[in-house]
Amino acid sequence: MDVSHILDELNEPQREAVTASDGNCLVLAGAGSGKTRVLIHRMAWLIEVEQVPVWNILAVTFTNKAAREMRSRIDELMTSPSGAMWVGTFHGLAHRLLRSHWKEAGLSQGFQIMDSDDQFRLIKRILKSLELDDSRWPPRQVQWFINARKDEGLRPQHIDDCDDFFQKQMIRIYQEYEDACNRGGVVDFAELLLRSHELWLNNPQLLEHYRKRFSHILVDEFQDTNSIQYAWIRLLVGNRNQLFVVGDDDQSIYGWRGARVENILNFQSDYPGSSLIKLEQNYRSSGNILKAANAIIEHNPTRLGKNLWTEDDAGEPIHLYSAFNEVDEARFVIGRIQDHLEQGMQRSGIAILYRTSAQSRLFEEALIQSSIPYRVYGGMRFFERAEVKDALAYVRLIKNQHDDVAFERAVNQPPRGIGPRTLDAIRLHAREFACSMWQASVELKQGGAMQARAANAIQHFIDLIEENRHTDEDIPFHESISRIIEIAGLREHFKKSRDGKGQDRIENLDEVVNAARQFINPEDELLSVLDAFLAHASLEAGENQGQEHEECVQLMTLHSAKGLEFPIVFIGGLEEGLFPHRMSADDPERLEEERRLCYVGMTRAMQQLTLSHAESRRLHGSESYPLPSRYLREIPHEYLLEIRSTPRISRPYTAASQTNTAGEFQLGQQVTHPKFGEGVILSSEGEGSTARVQVNFAETGVKWLVVNYANLS
DNA sequence: TCAGCGCATGTTTTT
DNA sequence: CATGCGCTGA
C-alpha cells in the first residue's frame with residue numbers, strides 16, 4: 001500500500017511517532033515541532049495502514065477550535081470519511097455520553113448545561129438562601145472551591161472536613177449547590193466530566209462497551225489535563241486499549257485551573273512499557289529566538305527535558321526595549337509595527353502579547369492613534385452576552401419550567417413588577433418544599449399568599465411561559481425563538497434603554513435568531529435541534545477566536561496565544577510583579593508556570609521577537625517602579641539587541657546594578673530583619689513611604705515588606 | 001424601578 | 001484609575 005502521503009514530509013522522530021507499534025505512547029512535542037501534524041498523521045496511519053476502523057478511534061482536545069481543526073485536517077489527508085470517529089473536547093464528548101445514557105447517569109432527559117456565569121448566579125442565590133454573608137463567603141471563592149473539587153473527582157461526601165469550620169461550611173454549600181442542580185436539571189462544566197466518569201464506574205457493562213469500541217485513544221495537549229480528565233482517560237483505556245498522547249510539559253500554563261503537569265511527567269510510570277518520543281526540531285522560529293527560549297526554560301528544575309533546535313539561521317537578534325513608562329512602551333511598539341507594515345508585513349502577521357488583559361488598553365490607544373486596524377482576542381463571547389442569555393433563558397424555561405437558573409434570569413427581565421420581595425417569598429417557599437421556583441410561584445399564587453399586585457405580575461409571567469409551551473411543534477425552531485423574544489418583550493425593553501447599548505443588544509437578539517436559523521444539528525439522532533442548539537450555546541459560546549485571517553494586528557494575552565504563531569511578536573510588560581505576576585511570587589511552582597508562559601510567548605515568534613519593559617508603570621492609579629523581569633536576565637546577551645530611543649537616564653537590567661527606588665536596597669542583596677532573620681531582596685516597587693521590597697527569607701519564605709516599617713539592615 | 005453614590009477590587013480562561 | 005457591585009432614597 002502506498003503510505004507516502006502519510007509519511008513523506010515527516011522527520012525521523014515524527015515518523016517514529018506516527019508509525020509507533022502497539023502500546024501506549026507519549027510524544028513530547030516542543031513548540032513548533034509539528035505536534036498536530038503527528039496527531040493527524042497517526043490517525044491516518046491507524047486507519048489506512050493498521051486498518052483500524054474509524055469508529056474505534058477517539059480523539060480528545062481541549063478547545064472546540066482544536067477539535068474542528070483536527071477533524072478538517074484528517075478529512076483533508078484521507079479519502080474515507082471520518083464521520084464515525086469521535087473527535088471532540090473532553091466536555092463535548094462527556095456531554096454526548098450523558099445524552100446517550102442520561103438515565104443511567106441519573107439525569108433528566110432534557111438536562112441543560114450551565115456556563116460559569118449561570119453557575120456564579122446560582123451560587124450567589126444559594127449563599128443568600130443559607131443566609132451566609134457574601135463578604136465572608138465570597139461567591140467567587142465558593143465557585144472556585146466547588147469546581148476544584150469536581151475537577152479532582154470529589155463529591156461533597158468524599159471531602160474530608162478536617163474538623164475545620166470553614167471546610168465544613170464549604171462542603172455544606174457544595175451539597176446545597178448539588179441539590180439545586182439536580183432539582184433544576186442543570187449541570188455545570190465540571191459536572192459533565194465527573195458525571196460521565198461516574199457513569200462508567202457505576203455501569204461496568206457500559207464501560208466495557210466503550211472500552212470495546214474505542215481501541216485507540218488519542219489526546220492532544222496532554223499537559224493540560226486535570227485529575228478528572230486524566231482519570232476519565234485512564235478508565236477508558238483500561239489495560240487493553242492504546243493511548244497515544246501528545247503534549248509538552250514546558251507549555252503547561254493552566255495549573256491554576258486544575259491542570260496537572262504531573263499527568264505528563266508521570267505518564268511512563270502510570271503506563272508501564274509505554275514509549276516516549278521527543279520532537280525537538282522546531283520549524284517555526286529562528287535560531288536566536290529558540291536559543292533564548294531554551295535558556296529561559298532551563299531555569300525550571302522540574303522538566304522532562306527537551307532541547308529545541310532548528311536548521312534555520314540565527315536570524316534577527318531579540319530586541320529589547322527599556323521604556324521610560326508604559327505609554328512610551330506602547331508608543332515604541334506601535335512605532336515598530338509601523339516600520340514592519342511599511343516593509344510590507346501583513347498586519348495579521350504581527351502580534352502583541354501581554355500578561356494581563358488590562359495591558360491591552362494602552363496598546364489599543366496607540367494603535368487607534370496611528371489608525372492601524374487591530375483585533376483584541378478574548379473578552380465576552382456571543383452566547384455569554386446578557387441579552388443573549390436572557391433570550392435563551394426564556395427558551396429554556398419554556399422547555400423546562402423547573403430550571404431555576406433560567407427562571408431567575410427571565411422572571412423580571414424585562415422588569416414586570418416581580419421585585420425582590422416577591423422573589424424572596426418564592427425562593428423561601430421553593431426551599432421549604434424542595435420544589436422549583438416555578439412550582440412555588442404557582443402554589444403561592446393559588447394559596448392566595450401573595451399581594452394582589454405581585455400575584456398579577458406572576459400570573460402574567462406564568463401565562464407567558466405556558467402559552468408558548470405547546471406551540472413549537474411544526475414551525476422551525478428559530479421562528480419560535482424569534483416569537484419568544486418578541487412576546488417576552490425583550491426587544492421592546494432594550495429599545496427603551498438609553499445607555500447607548502440598546503441598539504447593539506437588539507442586534508444581538510436578531511443574531512440569536514439568525515444563529516438558530518443557520519444551526520445544523522451535529523448530534524442528529526441524539527438531540528432535538530433545539531437542545532443541540534442550547535448545548536452548543538453553552539459549550540461553544542460562539543465566535544471566540546474566529547476570523548483570525550482578518551487583516552488586523554493581533555492583541556492577546558500570553559495564555560490565549562498558545563498554539564498560534566506569528567512572524568513578528570511583541571511581548572510587553574516584562575517586569576517583576578507583572579510578569580511574573582505578583583500573585584505567583586511566593587510559590588515556586590507558580591513561578592515555574594510563569595516561566596513556561598514566557599517560553600510559550602517567545603516561541604510564538606517566527607522571525608522577530610521584541611521584548612519590552614517599562615521603568616515606571618501606572619497601575620490601578622498609583623505609580624510603580626518595577627524591576628525588569630527576571631526572565632530578561634535569563635536570556636544570554638549574545639541573543640539580545642538592546643534598543644534605546646530617546647536619550648534618558650535608564651537603569652541597566654542586569655542584576656548586579658539594579659537599584660531600588662527606595663535607594664538603599666539592591667536586588668540580590670543580603671538583608672536581616674529583626675523578626676524574620678536573614679533574607680535576600682527579590683524585587684521592589686513603589687517609592688517614598690510606600691516603597692516595598694520583596695524578600696526571600698531563609699526561614700519564613702518570601703514576603704513583601706514596606707521599607708519604612710520593616711527595619712531591614 | 002432606577003439613578004446615584006460609596007466602596008472594594010484589581011491574573012491568566014476553556015468548557 | 002476604572003469598573004462593578006450593593007445599598008439607599010425618590
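Here is how names work: the chains are called A, B, and so on, in the same order as the sequence lines, proteins then strands, and each is numbered from 1.
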Atom pairs, protein N/O to nucleotides 7-10 of chain B N/O, distance under 3.5 Å:
unit_1: B:dG10; atom_1: N3; unit_2: A:His620; atom_2: ND1; d: 3.2

Can you check the [X] [atom1] to [N] [atom2] distance for me, whole Å?
X: A:Leu564; N: B:dT13; atom1: CG; atom2: P; value: 13 Å
X: A:Glu221; N: B:dT15; atom1: CD; atom2: P; value: 12 Å
X: A:Asp115; N: B:dT15; atom1: CG; atom2: C1'; value: 10 Å
X: A:Arg582; N: B:dT12; atom1: CZ; atom2: P; value: 13 Å
X: A:Asp118; N: B:dT15; atom1: CG; atom2: C1'; value: 13 Å
X: A:Asp220; N: B:dT15; atom1: CG; atom2: P; value: 13 Å
X: A:Gln413; N: B:dC2; atom1: CD; atom2: P; value: 9 Å
X: A:Tyr254; N: B:dT12; atom1: OH; atom2: P; value: 11 Å

With A:Glu178 via side chain to side chain donor-acceptor pair (under 3.5 Å) - residues at least two apart: A:Arg155
Go through the structure and list residues passing side chain to side chain donor-acceptor pair (under 3.5 Å) with A:Thr557, not counting sequence neighbours. A:Ser560
Please list every donor-acceptor pair under 3.5 Å in which a side-chain atom of residues 351-359 of chain A meets a protein atom from a residue at least two apart or in another chain.
unit_1: A:Tyr354; atom_1: OH; unit_2: A:Met556; atom_2: N; d: 3.3
unit_1: A:Arg355; atom_1: NH1; unit_2: A:Glu594; atom_2: OE1; d: 2.9
unit_1: A:Arg355; atom_1: NH1; unit_2: A:Glu594; atom_2: OE2; d: 2.5
unit_1: A:Thr356; atom_1: OG1; unit_2: A:Gln359; atom_2: OE1; d: 3.0
unit_1: A:Gln359; atom_1: OE1; unit_2: A:Arg355; atom_2: N; d: 3.3
unit_1: A:Gln359; atom_1: OE1; unit_2: A:Thr356; atom_2: N; d: 2.9

When you measure from the side chain of A:Glu576 to the backbone N and O of A:Arg630, does any donor-acceptor pair fall under 3.5 Å? yes
Between B:dT12 and A:Trp256, is there a base-stacking contact, meaning the centre of the base's six-membered ring lies under 5.5 Å from the residue's ring centre while the planes stay under 30° apart? yes
Planes under 30° and centres closer than 5.5 Å, is that true for A:His559 with the base of B:dT12? no
Cationic tip of [X] within the cone over [Y]'s six-membered ring, i.e. under 6.0 Å and within 45° of the normal?
X: A:Arg375; Y: A:Tyr377; result: yes
X: A:Arg149; Y: A:Phe145; result: yes
X: A:Arg99; Y: A:Phe111; result: yes

First of A:His91 and A:Thr356 reached from the 5' end of DNA chain B, by closest nucleotide: A:Thr356
Residue met sooner reading DNA chain B from 5', once A:Gly417 and A:Met556 are mapped to nucleotides: A:Gly417
Quick one: does A:Ser624's side chain get under 4.5 Å of A:Glu575's, heavy atoms only? no
Would you classify [X] as touching base, sugar-phosphate or nothing, given that sugar-phosphate means primed atoms plus P, OP1 and OP2, and contacts are heavy atoms under 4.0 Å?
X: A:Ser116; result: base
X: A:Arg590; result: base
X: A:Asn412; result: sugar-phosphate
X: A:Lys562; result: nothing

Taking the side chain of [X] as heavy atoms from C-beta outward, which of [options] is closest to it?
X: A:Arg257; options: B:dT14, B:dT15, B:dT12; result: B:dT14
X: A:Thr557; options: B:dT12, B:dT15, B:dT11; result: B:dT12
X: A:Phe189; options: B:dT11, B:dT12, B:dT15; result: B:dT15
X: A:Leu539; options: B:dT1, B:dT15, B:dT13; result: B:dT15

A:Thr89 side chain near B:dT14 phosphate (N/O to OP1/OP2, under 4.0 Å): no
Please determine whether a side-chain nitrogen or oxygen atom of A:Asn64 lies at a distance below 4.0 Å from atom OP1 or OP2 of B:dT14. no
Short N-O contact, A:Arg381 and A:Glu540, less than 4.0 angstrom: no
When you compare C:dG6 with B:dT11, how far apart are their C1' atoms, in angstrom units rounded to a whole number? 25 Å
Work out how far the C1' atom of C:dT3 is from that of B:dT14, and round it to whole angstrom. 24 Å
Check: B:dT15 base within 3.5 Å donor-acceptor of A:Arg381 side chain: no
Distance-only donor-acceptor hits, side chain of residues 416-424 of chain A, under 3.5 Å, sequence neighbours excluded:
unit_1: A:Arg416; atom_1: NH1; unit_2: A:Tyr394; atom_2: OH; d: 3.1
unit_1: A:Arg416; atom_1: NH1; unit_2: A:Ala410; atom_2: O; d: 3.1
unit_1: A:Arg416; atom_1: NH1; unit_2: A:Val411; atom_2: O; d: 2.7
unit_1: A:Arg416; atom_1: NH2; unit_2: A:Tyr394; atom_2: OH; d: 2.8
unit_1: A:Asp424; atom_1: OD1; unit_2: A:Arg427; atom_2: NH1; d: 3.0

So where does chain A start and stop touching DNA chain C, 5' to 3', when the test is distance under 4.0 Å to a non-hydrogen atom? C:dC1 to C:dG6
When the aromatic ring centroids of A:His559 and A:Trp256 are compared, is their separation below 6.0 Å? yes
